[in-house]
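Just below is one structure, and these are the notes that go with it.
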2 protein chains.
Amino acid sequence: MGFHETFKALADPVRREILTYLKQGEKSAGDISDQFELSKATISHHLSILKKADLVYERKEKNFIYYGLNTSVFEELSLWVTQFKKGHNE
Amino acid sequence: MGFHETFKALADPVRREILTYLKQGEKSAGDISDQFELSKATISHHLSILKKADLVYERKEKNFIYYGLNTSVFEELSLWVTQFKKGHNE
DNA sequence: TCGTAGTTTAGATATTTATCTAAATAGATA
DNA sequence: TATCTATTTAGATAAATATCTAAACTACGA
């Protein structure tokens, strides 16, 4: 997946809130769902977009699927942003 | 303008290419337009979104409108990304 | 003040996206 | 095996978005 999916994924406020929630650590799809007044199907859709963008990983355990932050993609994103900051011209 | 406009603005590949082109320095709307196989109206639309998101500024001179990178918003964006990197938990 | 060059605005259209409900799947346990 | 729980998939709809052409605006120069 290229940067395009990453930016598309970050363009939605719900998805950014999910990422913020995951800073607490791994959470199941149900846990995440409970944080929002949206259907489980909708959250599942958002999670799949975050997963395609490699912003989160999933880990299956028993009946649950746990999601967690994929820090490496944020590192790359950070590099991309840096090129536009002062003192990084050309 | 909050972060939302910033992320929405970055979600489009044409707008990201415009930003990359502006790393060279200020460019007129026409210059920018010449870089893409899109109508001037379409480029104008993208520029207005980048402007609303504060990612670029505009400067009028003579008949021209010059656009340039607004580095301060990239600084803020950089901070936002940092919180998701390793060692910045909770 | 008229014309022209640079740019934006208006209006239309096709595509994408966020959301829902209902149905399907997968895995654990009784 | 039957059932329950957690989650995803399918299908539909409404809203948002990227693009175009044509028209309008703005400011300079003749």
Side-chain angles (χ1 to χ4, degrees), chain A residues 1-22 24-70 73, chain B residues 1-22 24-70 73:
Chain A
M1 290 296 135
F3 262 153
H4 187 52
E5 279 74 16
T6 309
F7 285 110
K8 284 302 244 338
L10 293 174
D12 187 273
V14 171
R15 290 194 287 267
R16 290 196 303 277
E17 284 190 62
I18 291 175
L19 293 174
T20 297
Y21 181 54
L22 290 179
Q24 294 180 14
E26 291 183 343
K27 301 287 182 184
S28 73
D31 287 341
I32 297 167
S33 205
D34 290 345
Q35 301 294 311
F36 299 89
E37 306 226 315
L38 293 169
S39 72
K40 287 175 188 302
T42 297
I43 296 298
S44 180
H45 163 75
H46 285 307
L47 287 171
S48 94
I49 288 172
L50 288 170
K51 209 171 56 188
K52 271 187 212 142
D54 260 344
L55 287 161
V56 305
Y57 63 86
E58 73 175 26
R59 183 173 61 80
K60 301 185 191 205
E61 183 185 323
K62 292 200 148 201
N63 252 15
F64 300 83
I65 302 182
Y66 291 97
Y67 288 89
L69 291 177
N70 222 347
V73 176
Chain B
M1 289 299 131
F3 262 153
H4 188 51
E5 279 74 16
T6 308
F7 284 110
K8 283 304 240 342
L10 292 175
D12 186 274
V14 171
R15 291 194 288 267
R16 290 196 302 277
E17 284 189 62
I18 290 175
L19 293 174
T20 297
Y21 180 54
L22 290 179
Q24 294 180 13
E26 291 183 342
K27 299 288 182 184
S28 73
D31 287 341
I32 296 167
S33 206
D34 291 345
Q35 300 295 310
F36 299 89
E37 306 227 316
L38 294 169
S39 73
K40 287 173 190 302
T42 297
I43 295 299
S44 181
H45 164 75
H46 285 307
L47 287 171
S48 95
I49 289 172
L50 288 170
K51 209 171 56 188
K52 270 188 213 141
D54 260 344
L55 287 162
V56 304
Y57 63 84
E58 74 177 24
R59 183 174 62 80
K60 303 188 189 202
E61 183 185 323
K62 294 200 150 201
N63 251 17
F64 300 83
I65 303 181
Y66 291 97
Y67 288 89
L69 291 177
N70 222 347
V73 176

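Please read all numbers here as calculations on a predicted model, not as lab measurements. Letters A, B, ... are given to chains in the order of the sequence lines, protein chains preceding strands, and every chain is numbered from 1.
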Heavy-atom contacts under 4.0 Å between residues 59-70 of chain A and DNA chain C, which residues? Lys62(A), Asn63(A)
Using the test side chain to side chain donor-acceptor pair (under 3.5 Å), find all partners of Ser39(A) that sit at least two apart in sequence or belong to another chain. Thr42(A)
Of residues 31-48 of chain A, the positions that come close to DNA chain D - non-hydrogen atoms, cut-off under 4.0 Å: Lys40(A), Ala41(A), Ser44(A)
Within residues 12-22 of chain B, find the residues that approach DNA chain C with a heavy atom at under 4.0 Å, and present them sorted by residue number. none
Rounding to a whole Å, what distance do you find between Lys52(B):NZ and dT9(C):C1'? 12 Å
Distance, nearest 0.5 Å, that separates CG of Leu47(B) from CD1 of Ile32(B): 4.5 Å
Glu26(A) CD to dA6(D) P, straight-line distance once rounded to whole Å: 18 Å
Tell me, please, which residues at least two apart from Glu58(B) pass side chain to side chain donor-acceptor pair (under 3.5 Å). Lys51(B), Tyr67(B)
Closer than 3.5 angstrom, by distance alone: can the side chain of Asp12(A) be matched with the main-chain N or O of Arg15(A) as a donor-acceptor pair? yes
Distance col, row Glu17(A):CD vs Leu19(A):CG, nearest 0.5 angstrom, shows 10.5 Å
Which residues share a side chain to side chain donor-acceptor pair (under 3.5 Å) with Glu61(A), sequence neighbours left out: Arg59(A)
Could you please spell out the steps behind the side chain to side chain contact (heavy atoms under 4.5 Å, CB included) verdict for Lys40(B) and Asp34(B)? CA-CA 9 Å; Lys40(B) 287 173 190 302; Asp34(B) 291 345; 4.3 Å; yes
What's the separation between atom NE2 in His45(B) and atom CG in Leu50(B), rounded to the nearest 0.5 Å? 9.5 Å
So does Ser28(B) get a side-chain nitrogen or oxygen closer than 4.0 Å to the phosphate oxygens (OP1/OP2) of dT7(C)? yes
As a quick check of understanding, evaluate side chain to side chain contact (heavy atoms under 4.5 Å, CB included) for Thr6(B) and Asp54(B), giving each step before the final call. CA-CA 7 Å; Thr6(B) 308; Asp54(B) 260 344; over 6 Å; no
When the distance from NZ of Lys27(A) to C1' of dA6(D) is rounded to whole Å, what number comes out? 17 Å
Find the distance between CD (Gln35(B)) and OG1 (Thr20(B)) and round it off to the nearest 0.5 Å. 11.5 Å
